[in-house]
Structures are given as structure tokens and as C-alpha cells.
Q: 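For reference, the structure I am asking about is given below.
Just so it is clear, the model here is predicted, and its values are computed rather than measured.
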Amino acid sequence: MLSGKYSRGQQSPEGSDRGTLARAQLGERTFAVLDVLRRVAADLGYDVAAGALAWVRQQEATTSTTIGVRSREQLATNLASLSVTLPAGAVRELDEVGAPYLNYPFPWLASIATPLQQGGTRINGVGAAPYRRTR
């Protein structure tokens, strides 16, 4: 679920240079992430691309990051991301705004299947309370 000033179907802010084609392909969720990345990067004095790559690199499940460049400037910016470490608060904010919407069967799996399967144990860092039937 989106928080803050963006929600499904809402238009981009005036003057944001977010054209119709980009909006149709990327959507407001992407632009919400970019807004947070832009703010965090400005606060920390980094380029947005360096901040974005740092965010990806700081994800627990990330083992490597692949970059692609068309210019020396892009290469320099991407390599600069190796010296960027985002504060925990910025990572949490980006994780929240960038969280994917997972439709069925995810809600069912999260609420019933995982607790039934795991019975209160933790497997690979994922835990669930034992399933309790409510009447």
C-alpha cells in the first residue's frame, strides 16, 4: 500500500516533467520511489543513481549488482555508489515506498499457509506464529 502523497490513479505533480508515456510505462509507484531517492540523495550529497544502487546493494538478499553504462560519467556515478551507505531510516523508507503489491495467493500464504507449514518455527529468517483457527 502506498503512503504519503501518492495513491493509485493519482497524477504526477505539476511541472514534474513526467510525460504520459513514462507515466503509463512506469506508474506512480516508480515515481514515488524516485522522489524518495531524489530527496535522500540530495540530503546525503550523492547522485540519485548512486543512491539507488546503494539501496539495491544494501538489500539483505542481494549478492551482486549489475550495472550498465553508456558513458564515462555514468560509469563514474555507478562506481561512486560503492562508497555510499544509506542510513537505516532511508533504507526503511525506500523499502516501504518500493514494496511490491502482491495479490492472491500471497495474502493467503502469509496468513494461513506459512503458519500451518512452519508451526511457529523460523526457516531462513522467515517466521510465523502457529496457525490458530478462529470461530
Q: Would you indicate whether the side-chain heavy atoms of Val84 and Leu53 approach each other to under 4.5 Å?
A: no
Q: Any side-chain heavy atom of Pro87 within less than 4.5 Å of one from Leu44?
A: yes
Q: Mind checking salt bridge (Lys or Arg N to Asp or Glu O under 4.0 Å) for Arg92 and listing every partner two or more places apart, or none if nothing turns up?
A: none
Q: Are any side-chain N or O atoms of Gln74 and backbone N or O atoms of Arg70, one a donor and one an acceptor, separated by less than 3.5 Å?
A: yes
Q: How many angstroms lie between CG in Leu86 and CD in Glu93, if you round to the nearest 0.5 Å?
A: 11.0 Å
Q: Do any N or O atoms from the side chain of Arg57 and from the backbone of Ser81 form a donor-acceptor pair under 3.5 angstrom?
A: yes
Q: Considering non-hydrogen atoms only, spot the tightest contact between Asn78 and Ala49 and give its length.
A: OD1-CB, 4.3 Å
Q: Which heavy-atom pair separates Leu37 from Val48 by the least distance, and what is that distance?
A: CB-CG1, 4.1 Å
Q: For the atom pair OG1 (Thr77) and CZ (Arg72), what is the distance rounded to the nearest 0.5 Å?
A: 14.0 Å
Q: Taking only distance into account, with no hydrogens and no angle test, what donor-acceptor pairs under 3.5 Å do side-chain atoms of residues 59-67 form with protein atoms, sequence neighbours excluded?
A:
residue	atom	partner	partner atom	Å
Gln59	NE2	Trp55	O	3.2
Gln59	NE2	Asp95	OD1	3.0
Thr62	OG1	Val56	O	2.9

Q: Atom CD in Gln58, atom OG1 in Thr85: separation rounded to 0.5 Å?
A: 5.5 Å
